[in-house]
Protein chains: 2
Amino acid sequence: MSATSGKGGMGDEVQKNITATCPSDRIPGGHKPLLRCIVKLGGAAITCKNELESINEEILESVCVQLREAMSESANFSTGNVVSMDWSKRLGKPLISAPEEFRNCRSLDLDSNFIVVHGAGSFGHFQASSSGVHKGGLHLPLVKAGFVATRISVTSLNLEIVRALAREGIPSVGMSPFACGWSTHGRNVASADVSHVISTLHSGFVPVLHGDAVVDDLQDCTILSGDVIIRHLSQLLMPNYVVFLTDVLGVYDRPPTDPHAILLRKIAVDEDGNWMIVKPKLQHEKMGVEITVAAHDTTGGMKTKISEAAMIAKLGINVYITKAGTPHSLRALRGEVDDAPDDWLGTLLTPLADCLRSRV
Amino acid sequence: MSATSGKGGMGDEVQKNITATCPSDRIPGGHKPLLRCIVKLGGAAITCKNELESINEEILESVCVQLREAMSESANFSTGNVVSMDWSKRLGKPLISAPEEFRNCRSLDLDSNFIVVHGAGSFGHFQASSSGVHKGGLHLPLVKAGFVATRISVTSLNLEIVRALAREGIPSVGMSPFACGWSTHGRNVASADVSHVISTLHSGFVPVLHGDAVVDDLQDCTILSGDVIIRHLSQLLMPNYVVFLTDVLGVYDRPPTDPHAILLRKIAVDEDGNWMIVKPKLQHEKMGVEITVAAHDTTGGMKTKISEAAMIAKLGINVYITKAGTPHSLRALRGEVDDAPDDWLGTLLTPLADCLRSRV
């Protein structure tokens, strides 16, 4: 059983537009890794997918609390003493006046070497699919208008996620890929000024990127998915680990709605991007993994996700796919499930070499 | 009577990070100028300055309608047939479903070679001033939190302005300076990847930038004002003209609340940035121009505005300062008031050479 990315070419891609030739050269103090973790907040997890432009506030808040807990340097983490960094009016909510509470604070006590990337869920998809932004043709008024409408929708979600993170005391800043100069060539990343992302991390902020409408030099424009962004950032920044938070426990051998669906706990990925299921042992060696691709999902759904995740794992990076807002997601965000222990529910994609080593 | 910019150094600044060595080389078709106009939407005009995070919806809408009218290539401009490019839900408003109306549309009929830059008004100022972001010190939790809070506030205003422009059929896209890699050195622009702004214009979109919290390589962080952004963009892109839309008719010889205040109609700026009032003839040759700087205005208020405007005019670019939402602002946005005619109320800052030529 094997699969390679259908997009190809990324592995050989020239690393364009990256100012730091070796990111570790620029780490202040030289001790901490430049990047501990890239987290994907799946669109299906943080939005109500069937209700246009509706955020799943409960899950989003829970994800933000867990992210803060994973970043916390203090042994006695408490959810009680969080001071918000969002000092804005919120519709229907009283104004939070927090500046005074930061005045005597000596440190934020956060290891915030994280990048957050989120999907669109019920934001942007309607606008993109009804105008065909992913198919290109920016000279057509419909596509141009759809491009603008898509960006308005996804950037409004981005702002809400930045605010939710800031409310949990995480120094988050929105970095919208189109505005930051990300563009594609035949839907693969062609240029991305990752130096801004690096300098934002160096300043102690958590960059928050998202799937976006971008310019494509072959077909005028397209949709750049959050998963492709993560693969590109992983190649350039080599995070310690990558976490995909979704609305299901992980990758199954068939649609998770099927009562016989089996959660794939551990997948080994070799250096060519071929992958095999290590755990559990499946009965039929050649049994295919059925994959559902949601209708209206212009970025490819779960199939893209596995391919992209495999492309990251082949770089030597552990990738965890698990359900947002569960004890399993907290453990993944902390980087505590290196070997997919039995009491952890999720899918670990791990480099084959590490997998073989752990069997010795 | 003369004044030079208090900030200095900008005129000699190396033009960093601009990919296009000569922007006109990259104009599609080679006929239209790359950039017709940079418009500043003053914070005081588009927000209710004394009410935290409150937009002056009426003025903003009127500015957007005028901008569309100024961009319109059609002789019979009509406000009736506008199709919105914002296809999002708005709180309290019904969903606008516009894609179908664009399907049979062959052209947008817009000369949209404009850049919009807006101030913060009642967005961002409270967050910045209560934490001292403009004074630097990002290692302090208060300043870091204030930086995050300021950006949330100004980017939420940016999103609302992009939406307001899109509702008027203007293909607008938000480009947040911090996220796009703008940074400063002692509060002057140190780097700005203007190539993204250029490629956005080339794709037929209207970039919408704003005053923002940015990283400063001398003092960690600061506030980059919209006026400084406009000066920098003007130097690099040489627009045909620049328009500042404010909440007063223009620049006065004393605070406009003073019943004896005289509107300065025309100011000539020489190549060194020295300026003199040409119209009206004032009684006392050496009479100083009193300037009010609003309290809590962390970016310098009107004094900065005149200095920045003079620095633009000295490049050979006409600068109009006028009141938003008036017949005068529409004429300025259309570029129809080259010589500050008597029936136009506003302040024109014009290169001295042009001024002398028009007297011959």
Side-chain angles (χ1 to χ4, degrees), chain A residues 52-54 83-89 91 95 98-99 102-103 105-108 123 126-127 130-131 138-142 144-153 155-156 159 162-163 166 169 171-176 178-181 183 193 195-196 199-200 203-205 207 215 220-221, chain B residues 52-54 83-89 91 95 98-99 102-103 105-108 123 126-127 130-131 138-142 144-153 155-156 159 162-163 166 169 171-176 178-181 183 193 195-196 199-200 203-205 207 215 220-221:
Chain A
L52 182 72
E53 299 192 344
S54 167
V83 186
S84 173
M85 291 185 182
D86 179 4
W87 306 344
S88 295
K89 278 206 305 197
L91 287 166
L95 177 66
F102 279 102
R103 205 169 293 278
C105 175
R106 295 183 63 183
S107 159
L108 291 178
F123 288 74
F126 155 72
Q127 290 85 351
S130 62
S131 58
L138 211 44
H139 59 285
L140 301 168
L142 175 65
K144 178 165 279 182
F147 191 100
V148 170
T150 302
R151 294 206 72 256
I152 286 173
S153 187
T155 55
S156 69
L159 180 60
V162 167
R163 294 179 78 155
S172 53
V173 294
M175 303 191 81
S176 197
F178 170 80
C180 295
S183 68
D193 200 340
S195 62
H196 301 167
S199 60
T200 300
S203 298
F205 296 110
V215 169
D220 272 3
C221 64
Chain B
L52 182 71
E53 299 191 345
S54 166
V83 187
S84 173
M85 292 185 181
D86 179 5
W87 306 343
S88 295
K89 278 206 306 197
L91 286 166
L95 177 65
F102 280 101
R103 204 169 292 278
C105 174
R106 296 182 62 183
S107 159
L108 291 178
F123 289 73
F126 154 73
Q127 289 85 353
S130 62
S131 58
L138 211 44
H139 59 284
L140 301 168
L142 175 65
K144 178 165 278 183
F147 192 99
V148 170
T150 301
R151 296 207 70 258
I152 287 172
S153 187
T155 54
S156 69
L159 179 61
V162 167
R163 294 179 77 156
S172 53
V173 294
M175 303 192 80
S176 198
F178 170 80
C180 296
S183 68
D193 200 340
S195 63
H196 301 166
S199 59
T200 300
S203 299
F205 297 111
V215 169
D220 272 3
C221 64

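All figures in this text were calculated on a predicted structure; none of them were measured in a lab. Here is the naming used below: chain letters follow the sequence lines, and residue numbers restart at 1 for every chain.
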Counting only non-hydrogen atoms closer than 4.5 Å, does [X] touch chain B with its backbone (N, CA, C, O), its side chain (CB onward), both, or neither?
{"X": "A:Leu108", "result": "both"}
{"X": "A:Val173", "result": "both"}
{"X": "A:Ser107", "result": "backbone"}
{"X": "A:Phe147", "result": "side chain"}

Query raised in the report: Can you find a pair of side-chain heavy atoms, one from B:Ser199 and one from A:Val215, that are under 4.5 Å apart?
Result: no

Query - Note, A:Phe178 side chain near B:Thr200 side chain (heavy atom, < 4.5 Å) - result: yes

Report task. Examine distances only and state if a side-chain atom of B:Gln127 and a backbone atom of A:Trp87 form a donor-acceptor pair shorter than 3.5 Å. Result -> yes

Query raised in the report: Donor-acceptor pair, A:Lys144 side chain versus B:Phe205 backbone, under 3.5 Å?
Result: no

Requested in this report: Identify which of B:Thr155, B:Val162, B:Val148 forms the greatest number of heavy-atom pairs closer than 4.5 Å to chain A.
Outcome: B:Val148

Query - Pairs of heavy atoms under 4.5 Å with chain A: top-ranked of B:Ser176, B:Ala166, B:Gly204 - result: B:Gly204

Query raised in the report: Nearest heavy-atom pair of A:Ala179 and B:His196: which atoms, and what distance?
Result: O-ND1, 3.7 Å

Query raised in the report: Which heavy-atom pair separates A:Cys105 from B:Pro141 by the least distance, and what is that distance?
Result: O-CG, 3.2 Å

Out of [options], return the one with the most heavy atom pairs under 4.5 angstrom to chain B.
{"options": "A:Ser131, A:Ser156, A:Ser130", "result": "A:Ser130"}
{"options": "A:Pro207, A:Gly146, A:Ser54", "result": "A:Gly146"}
{"options": "A:Leu159, A:Ile152, A:Val83, A:Leu140", "result": "A:Ile152"}
{"options": "A:Met85, A:His139, A:Arg151", "result": "A:Met85"}

Query - Atom pair CG (A:Asp220) and OG (B:Ser203), whose distance is rounded to the nearest 0.5 Å - result: 8.0 Å

Query - B:Leu138 portion near chain A, given a 4.5 angstrom heavy-atom threshold - result: side chain

